[in-house]
Amino acid sequence: MIETDILVIGAGPAGSTAAKHAAMAGSSVILMDKKSEIGSPKRCAEGVSKEGLKKLEIEPSERWVTKELSGVRMVSPNGTAVNLTDEKVKLPEAGYILERKVFDKYMAMDAGRAGAKIMIKTLATGMEREDGQMVVTAERMGEEFQIKAKIVIAADGPESRVGRWAGLRTSLKPKDMESCAQFEMAGVEMEEPDCIEFHFGSVSPGGYAWIFPKGDDIANVGLGVLTTMTDKSAYEHLLEFVENNPATKNAQAVELNVGGDPVGGLLKKKVTDNVLVTGDAASMVNPLTGGGIISGMLGGRMAGQVAAQAVIEGDYSEKSIKIYEELCEAELGKSFEKYLKAKDYLLSLSDEELDQIAEAFRDSDFETINTAEMVRKLVKISPKALLKLGKLF
């Protein structure tokens, strides 16, 4: 049996960040991932903010930044576009477009350099508590073995099964999980090739469609839908969007990815004895934008630091590591609650109302803007928004 202080299951950005910071604090750490190549397949539009990377103390690298953005273009159902430059925009996804297949490996390498042992193509198949620690059964290249850890950090994505093994309720209601589909495409003819694009309304019921440029004529083109609001699959909606959008109707897809995006706000209970959940496994995704790379990494950093401190103190109980929930609430929870209300409001709008708001936004003079400021502006424009969001923003 292999023994370690901390086992991190899932080597996405959140898991690798957790492993890195736990190792930096002196714990022995194993970072395992079921895939043979960390970062592939990507299930992400690949946008991150400059401010987010700075907060995480990560220097951008030309190895994994494919495009630096100059702004945001928001398009209503009738094609009315609102363009905001990078001098005014500080939205969570405004800044850089990544190459996740490189970025994720880069983050895992950072964890390895900090002292974490990396195990790829290693699948966790079960977990149980034994003598105050967790014993995880795993399989690699046909070989079954066990890892005994004082603390397990579950970073295994939406509806974490590792979290469920520990007795945490990680399953989500359909209204809290967007179904997403995305092409990477060549031959995309964007009107503003240095801006990320968001398309709202019935083109993507319950979510939005996006075009994120990656340089030259390449872009991620995708959308997310709520299955409670449409009878079609996300893939069917994506095919319609690509066929009808002027920027993509002549483009060619070279990659397709599908997956779920948890947009219901932070998982309420994120710890139990010996176990923490982080990243998408803890629904660390902005409910309004659907972006989760930076927030997941912030959560991963907190998880790694709290777990390492628990190892130092020799106490792996829920009481000892519950501070992680308090830290997550302070860093992410309160803002996520506001954005969840804003998302619910936007879902109540018809295409016609979205067009009217876009017209009003287009004629507005923005001095500076971030997600919260956008909603404040919306409150001034729309009486319905004032009624539902005025007290929050």
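This one's a predicted model, so the numbers in the text were calculated from it and none came from an experiment.
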Anything under 30° is parallel, anything over 60° is perpendicular, the rest tilted; go ahead and classify F200 against F198. parallel

Are K249 and E189 close enough for a salt bridge, meaning some N to O gap below 4.0 Å? no

Over 12 non-hydrogen atoms of neighbours within 6.0 angstrom of CD in Q252: no

Flag if over 12 foreign heavy atoms under 6.0 Å of NZ, K214: yes

Is there a path of hydrophobic side-chain contacts, each under 4.5 Å between heavy atoms of I, L, V, M, F, W or Y residues, that connects M134 with I30? yes

Smallest separation among heavy atoms of K101 and S40, with atom names: CE-OG, 4.2 Å

I147 reachable from L276 in the ILVMFWY side-chain graph, under 4.5 Å edges: no

Any side-chain heavy-atom pair of T230 and E236 under 4.5 Å: no

If you look at every heavy atom in L340 and V263, which pair is closest and at what distance? CD1-O, 3.6 Å

Looking at R63 and E99, does any basic side-chain N land under 4.0 Å from a carboxylate oxygen? no

Heavy atoms of P213 and M190 approach each other most closely as CB-SD, 3.6 Å

Are I151 and I312 connected into the same hydrophobic cluster when the rule is that any two of I, L, V, M, F, W, Y join if their side-chain heavy atoms are below 4.5 Å apart? no

Looking only at atom types and distance, does a side-chain atom of S160 sit under 3.5 Å from a main-chain N or O of A281, one as donor and one as acceptor? no

Treating D33 as the side-chain partner and K35 as the backbone partner, does any N or O pair qualify as donor plus acceptor under 3.5 Å? yes

Residues which pass ring-ring contact (aromatic ring centres under 6.0 Å, His included) with Y235, listed by chain and number, not counting sequence neighbours: none

Does a side-chain N-to-carboxylate-O contact under 4.0 Å join K270 and E329? no

Check ion pair D110-R113 (N to O, under 4.0 angstrom): yes

S76-D355 side chain donor-acceptor pair, cut-off 3.5 Å: yes

What about L346 and V203, same hydrophobic cluster or not, with Ile/Leu/Val/Met/Phe/Trp/Tyr joined at side-chain heavy-atom distances under 4.5 Å? no

Does the pair E57/R301 count as a salt bridge with the N-to-O cut at 4.0 Å? no

What's the shortest heavy-atom distance between R164 and E159, and which atoms? NH1-O, 2.6 Å

Within the supplied structure, the quantity of interest is the number of heavy atoms (other residues, nucleotides, ligands) at a distance under 6.0 Å from E191 CD; does it exceed 12? no

For D273 versus R129, what's the shortest heavy-atom pair and its separation? O-NH2, 2.6 Å

Inspect the surroundings of CG in D231 and state if more than 12 heavy atoms from other residues, nucleotides or ligands are less than 6.0 Å away. no

Residues V271 and K322: closest non-hydrogen pair is CG2-CA, 4.0 Å

Tell me, which pairs form a ring-ring contact (aromatic ring centres under 6.0 Å, His included) where one or both residues lie in residues 288-326, sequence neighbours left out? none

Any side-chain heavy atom of Q305 sitting closer than 4.5 Å to one from L327? no

Would you call E46 and R100 a salt bridge, using N to O less than 4.0 angstrom? no

Flag yes if I357 and Y339 sit in one hydrophobic cluster, no otherwise; membership is Ile, Leu, Val, Met, Phe, Trp, Tyr, and two members link when side-chain heavy atoms are under 4.5 Å apart. yes

